[in-house]
There are 2 protein chains.
Amino acid sequence: MQNSEALALAATLLAAAGDLTQRINDGVVARGFEARPAWGFAFARLAPDGATVTELAGHLGVTKQAASQLVDEIVRKGYAERRPHPADARARLVVLTERGWACTRAAEEAAAEAVRAWVDVLGEGEVRALRERLGRIAPYGPIRPAW
Amino acid sequence: MQNSEALALAATLLAAAGDLTQRINDGVVARGFEARPAWGFAFARLAPDGATVTELAGHLGVTKQAASQLVDEIVRKGYAERRPHPADARARLVVLTERGWACTRAAEEAAAEAVRAWVDVLGEGEVRALRERLGRIAPYGPIRPAW
DNA sequence: AAATATAGTCAAGCTGCTTGACCATTTACG
DNA sequence: CGTAAATGGTCAAGCAGCTTGACTATATTT
């Protein structure tokens, strides 16, 4: 593979990721929520059982101060709340409110809608294959802006 | 495809794009250049015959003021220079210097190196297929941070 | 029980972007 | 043609989201 091809692959990957992120966020906003792109991925981490600020920071690939600010914001807007952590008095468990769950579902719907456009082009099998391949490359890296 | 899968696909795509971008930038820095991730993609646009600030802005998906600032920076650091545009006295053609070309080649090498890790996991054919599929999804969108 | 590590917050600062205003040139049109 | 509108570029100011640094409170280690 030529060097220039590798850079083109990177560019295409970034373009696809940016496009998808934009579409998801647009879809979430269209469903009546006031959200930033990062929120969807924060919510995905909070969804099952909540998370601490530090865990969230790791997931998003930012400092805990930045994660704390993000939590401030989603708490202020009513998507989550801070509770005392059941097992550690230093920590606080951030959990989604009902509104937070609704927004999470909206993000999932919007993502499905955006991906559907891909399925129309590539077919379901190819999209699955795409996901499977990407999963083998970047299994569990932090979810953060590309630069 | 379930909604939650679609969001997971988005997350994986972002993780892969972020990982690759990081690796490329690290590689460029390791080769002795002082560069930001966006520069590589700016250089790729400038490489063949130069470009105007406005064209660059479109390519990167930012305002022309932001593109102009980026050009200021790469000019100050000796990677490019502004020349009068041959056909339009309002415009200025931004072209790479020799140092700019060297940095571009370094970015391509670093990208190839990063992609090589993917080839080791997936095999050459799969990586090509990946690129081909992504190309059909996001043919020529702006190259910009995911959020 | 003393030392060290960890969860979280407050405060200040920086970077890269945006919006708004403006000038110079080019293009469109009456 | 000549004038109005569009376009390329820059300057200036402001801002959002992040970082580093400092600090408190609780937990863990020795």
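The sequence lines fix the lettering, A, B, ..., with proteins before strands; numbering per chain opens at 1.
For the pair B/Lys64 NZ and C/dA24 C1', the computed distance is 12 Å after rounding to whole Å. D/dG17 atom P lies 10 Å from atom CZ of A/Arg76, rounded to whole Å. Rounded to an integer number of Å, the gap from A/Asp88 CG to D/dT28 C1' is 10 Å. Summarising the geometry, the separation between CZ on A/Arg83 and C1' on C/dG8 is reported as 19 Å, rounded to the nearest angstrom. Atom CD in B/Glu34 sits roughly 12 Å away from atom P in C/dT15 (whole-Å rounding). Atoms CG (A/Leu56) and P (C/dG8) sit 10 Å apart, rounded to a whole Å. D/dC15 atom C1' lies 13 Å from atom CD of A/Gln69, rounded to whole Å. Residue A/His85 contributes atom NE2, which lies 13 Å from atom P of C/dT9 at whole-angstrom precision.
If you check every strand for non-hydrogen atoms under 4.0 Å, B/Ala91 touches sugar and phosphate atoms only. Using a 4.0 Å heavy-atom distance criterion, A/Ala89 is classed as a sugar-phosphate-only contact. Backbone-only contact: A/Thr54 has heavy atoms under 4.0 Å from sugar-phosphate atoms and none from a base. At the heavy-atom level, A/Thr52 lies under 4.0 Å from the strands shown only through sugar-phosphate atoms.
An OP1 or OP2 oxygen of C/dG8 is reached within less than 4.0 angstrom by no side-chain nitrogen or oxygen of A/Arg82. Between C/dC17 and B/Thr63, no contact under 4.0 Å exists linking OP1 or OP2 to a side-chain N or O. At D/dT28, none of the side-chain N or O atoms of A/Arg90 fall inside 4.0 Å of OP1 or OP2 (strictly under the cut-off). Look at B/Arg92 and you won't find any side-chain N or O under 4.0 angstrom from OP1 or OP2 of D/dG8. Listed pair A/Ser68 / C/dT9 meets the phosphate criterion, a side-chain N or O lying under 4.0 Å from OP1 or OP2.
Hydrophobic clustering (ILVMFWY, side-chain heavy atoms < 4.5 Å, transitive): B/Phe43 and B/Phe33 are in one cluster. Under the 4.5 Å side-chain heavy-atom criterion for Ile, Leu, Val, Met, Phe, Trp and Tyr, A/Leu13 and A/Val121 are members of the same hydrophobic cluster. A/Val71 and A/Leu93 fall into different hydrophobic clusters, defined by Ile, Leu, Val, Met, Phe, Trp and Tyr side-chain heavy atoms under 4.5 Å apart, directly or through other members.
Nearest approach of A/Gly50 to A/Arg45, heavy atoms of both residues: O-NH1, 4.2 Å.
Contact annotation: side chain of B/Gln65 to base of D/dG8, donor-acceptor pair absent below 3.5 Å. A donor and an acceptor atom never sit less than 3.5 Å apart when one is taken from the side chain of A/Glu73 and the other from the base of D/dG17.
Put simply, the side chain of B/Thr21 gets close to the backbone of B/Ala17: a donor and an acceptor are under 3.5 Å apart. B/Arg128 places no side-chain N or O within donor-acceptor distance of the main-chain N or O of B/Glu124, the cut-off being under 3.5 Å.
The nearest heavy atom of DNA chain D to B/Leu93 and to A/Leu70 marks one nucleotide each, and the one closer to the 5' end goes with B/Leu93.
The nucleotide whose nearest atom lies closest to any side-chain atom of A/Ala66 is, among D/dC11, C/dG16, D/dC18, D/dC18.
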